[in-house]
S.K.: 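Take a look at this one; I'll ask things after.
Chain identifiers are assigned alphabetically (A, B, ...) following the order of the sequence lines, protein sequences preceding nucleic acid strands; residue numbering begins at 1 within each chain. FYI, side chains are in, hydrogens and waters are out, and symmetry mates aren't considered; it's all heavy atoms of this structure.
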There are 2 protein chains.
Amino acid sequence: MFSIGEFSKVTNLPVKTLRFYHEQGVLVPTQVDSQTGYRYYAEGKIETARLIRQLRKLDFTLADIKEILSSYHDGEDILEYFERQRQTVQLKLREYRTISKTLDQIISEEREARVAMKAATYEVEEKTVDSMLIAGVRMTGRYSDCGRGFAQIGKQYGRYICGKALLLQYDDEYKEEDAEFEACLPMRQGAKQKGTGTGDVTVRELAGGRCVSLLHKGPYDELGRSYGKILAYATERGYEIQRPTREVYIKGPGMIFKGNPKKYLTEIQFLIRE
Amino acid sequence: MFSIGEFSKVTNLPVKTLRFYHEQGVLVPTQVDSQTGYRYYAEGKIETARLIRQLRKLDFTLADIKEILSSYHDGEDILEYFERQRQTVQLKLREYRTISKTLDQIISEEREARVAMKAATYEVEEKTVDSMLIAGVRMTGRYSDCGRGFAQIGKQYGRYICGKALLLQYDDEYKEEDAEFEACLPMRQGAKQKGTGTGDVTVRELAGGRCVSLLHKGPYDELGRSYGKILAYATERGYEIQRPTREVYIKGPGMIFKGNPKKYLTEIQFLIRE
DNA sequence: GCTTGACTCTCCTCCTACTGGAGGCCGTAC
DNA sequence: GTACGGCCTCCAGTAGGAGGAGAGTCAAGC
């Protein structure tokens, strides 16, 4: 017979835990001195303790363990317990996988935005953009409603998204109310048109080409100034601007944080005919 | 201003939870009626509530959320919180992955054993065994000490194990005390000799071939009877038995459960020269 | 002004699997 | 005599709520 302290050393279970297991009826001492209340464990209990430790490592609850220990003598229903446990664990696993992915995405987005912020000159530049696969929703109304479009794409093609949101503007002039635009998200290869073609989300290749580009830092209602600047640049050089023009949301109100509008970063792109 | 019930509907947070968040100082109502104690939330709190929900979905603790919410106004330390959180989540993810794997392994072993139990005829059979890659520990002593050998292999090559444990017996006769045997575990391709060759664990190909085989059901100390049976069969047919002979532990005392010795299943294999 | 039913309040307990600590009993060694 | 180690019970706390009791409050209908 072991005293609780000795048994604790033998089984690697803390004394507190042994007392707790006794209270819960999971691992009952062989004998309890009715005078002193001292617990004594027979040698055979070591095996039970080992078993409990193993099952706890597999994240079984104490209630399950108690059941397993009692039904264990009978027969072979053990497999069922393990299968149920596997289900439980798989569930948690999936949860954490999702969380981990989301966290990774947020972190890398934030990092990219930070790099872009550092490298930005806020001067008009000329560069080449590649063509890319996009999913887009054509809308008419206020620009501020574009969020609904992004949400719709996210819902249908969420797992294909592979870059920053952009907006295609089809109007020749600035319109407050009935603007024609398209909310777009870049897609990974493999994204395919899903809808029946009721005109909601279309997946297609967006052509690239030579363009003038300007980074705008600040809230969206100050975009006008930057548009003036880039337009002046293009006109000065006699560039012919192709519709639709593009806005790329390098850093805006994210999924989690709305962030500070003064730190929003938007790239304006005018594709030009050469 | 919303009452707690209205705010609950707007934010999809249970009333209980809102009260709890108030108590914890995470989401404090805009105003509390000092007479009635009624909580009232301004519209601006909806955004905060949404943010808290998102962060909870990412498994941040309430304490973290409280900190994030307060430091959020200042600036950009947010990334650090997310990185720490990712670490935490990765840890849990790894834990559950390990558990899930172990559970899968136990379940499939148990299933296999059950199938073997059903299909078993307990008659001597002739069959062909394939050659396989094994890790083995040569030992001298009692058979019952073989557990130490398996443990040693498990420690060094645990992740390569891909089948049932087996025992090679090098003696010509049955020995109680100074038996010569080797505890072996089948290895996946890719397992390579690790040790410096002090003679502990060796990894090598174990040749296959034609053999006579008998399934023994019951405790190990009753193996003798089955050995008698298979030996009689081989002698009768004039087969020449090759050393070492083999025992394959189809079902024995598992990692978790010792199980009922009466249900242990062991295959005896005698390779024969043709 | 009164009643009724829906809301809301505080306070308590419960969940899991322990951990930490206070205060006290028992036996032994010095 | 006392210091020490081992053991006991009981209480509190952890994270993030859920469930419920009993009492007060609000708004609408009569």
S.K.: Looking only at side-chain atoms of A:Tyr38, point me to the closest of D:dC7, C:dC11, C:dT8.
M.R.: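 Of D:dC7, C:dC11, C:dT8, D:dC7 is nearest to the side chain of A:Tyr38.
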S.K.: Nearest-Å distance, CD (A:Gln24) to P (C:dC14)?
M.R.: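 Taking CD of A:Gln24 and P of C:dC14, I get 13 Å after rounding.
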S.K.: So does A:Asp59 get a backbone contact from the side chain of A:Gln85, meaning a donor-acceptor N/O pair under 3.5 Å?
M.R.: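 Present.
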S.K.: What is the distance from CD of A:Gln31 to P of D:dC8, rounded to the nearest Å?
M.R.: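 One finds 13 Å between P of D:dC8 and CD of A:Gln31, rounded.
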S.K.: Looking only at side-chain N and O atoms, does A:Arg19 come under 4.0 Å of OP1 or OP2 in D:dT9?
M.R.: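 Indeed not, no polar side-chain atom of A:Arg19 lies that close.
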S.K.: Atom CD1 of A:Ile4 and atom P of D:dG6: how far apart are they, to the nearest Å?
M.R.: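 Nearest whole value for this atom pair: 13 Å.
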S.K.: Can you find an N or O donor on one side and an acceptor on the other, under 3.5 Å apart, linking the side chain of A:Lys16 with the base of C:dG21?
M.R.: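 Answer is yes: a donor-acceptor pair is held.
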S.K.: Can you check the A:Gln35 CD to D:dC7 P distance for me, whole Å?
M.R.: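 The answer, rounded to whole Å, is 18 Å.
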S.K.: Using 4.0 Å as the upper bound for N to carboxylate O, is an ion pair formed by B:Glu83 and A:Arg111?
M.R.: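 Between B:Glu83 and A:Arg111 there is a salt bridge, with a charged N closer than 4.0 Å to a carboxylate O.
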S.K.: Does C:dT8 have OP1 or OP2 sitting under 4.0 Å from an N or O in the side chain of B:Ser3?
M.R.: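 For B:Ser3, the contact criterion (side-chain N or O under 4.0 Å from OP1 or OP2 of C:dT8) is met.
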S.K.: Any chance CD of B:Glu222 has more than 12 other-residue heavy atoms, nucleotides or ligands included, within less than 6.0 Å?
M.R.: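 More than 12 within 6.0 Å, yes.
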S.K.: Between D:dA15 atom C1' and B:Lys66 atom NZ, what is the distance in whole Å?
M.R.: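 So the NZ-C1' distance, B:Lys66 to D:dA15, works out to 14 Å.
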S.K.: Between A:Arg39 and B:Arg56, which is nearer to the 5' end of DNA chain D once each is assigned its nearest nucleotide?
M.R.: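 With B:Arg56 and A:Arg39 compared, the 5'-side residue is A:Arg39.
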S.K.: Just the rounded figure in Å: distance from C1' of C:dC7 to CG of B:Asp33.
M.R.: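 Those two atoms, CG and C1', are 14 Å apart.
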S.K.: Within this structure, what is the CZ-to-C1' distance between B:Phe2 and C:dT8, rounded to whole angstrom?
M.R.: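 So the two atoms are 17 Å apart, to the nearest Å.
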S.K.: With a cut-off of less than 4.0 Å, is there a side-chain N or O of A:Thr17 near OP1 or OP2 of C:dT19?
M.R.: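 The answer is yes; a side-chain N or O of A:Thr17 sits under 4.0 Å from OP1 or OP2.
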S.K.: Between atom CD in A:Glu23 and atom C1' in D:dC10, what is the gap in whole Å?
M.R.: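 About 10 Å, once rounded to whole Å.
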S.K.: With nearest nucleotides of DNA chain D determined for A:Tyr40 and B:Asp59 from heavy-atom distances, which residue corresponds to the more 5′ nucleotide?
M.R.: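 Result: A:Tyr40.
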S.K.: Within the structure, does a side-chain N or O atom of B:Tyr21 lie under 4.0 Å from either OP1 or OP2 of D:dG16?
M.R.: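 Answer no for this pair, as no side-chain N or O of B:Tyr21 is under 4.0 Å from OP1 or OP2.
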S.K.: Between D:dA18, D:dC8, D:dG16, which nucleotide has the shortest distance from any of its atoms to the side chain of B:Pro14?
M.R.: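 In terms of side-chain proximity for B:Pro14, the closest of D:dA18, D:dC8, D:dG16 is D:dA18.
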S.K.: A:Lys9 and A:Glu6: salt bridge (charged side-chain N to carboxylate O under 4.0 Å, His left out), yes or no, with the steps?
M.R.: CA-CA 5 Å; A:Lys9 273 169 202 148; A:Glu6 293 160 353; over 6 Å; no
S.K.: Classify the angle between the aromatic ring planes of A:Tyr96 and B:Tyr96 as parallel (below 30°), tilted (30 to 60°) or perpendicular (above 60°).
M.R.: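 Rings of A:Tyr96 and B:Tyr96: parallel, under 30°.
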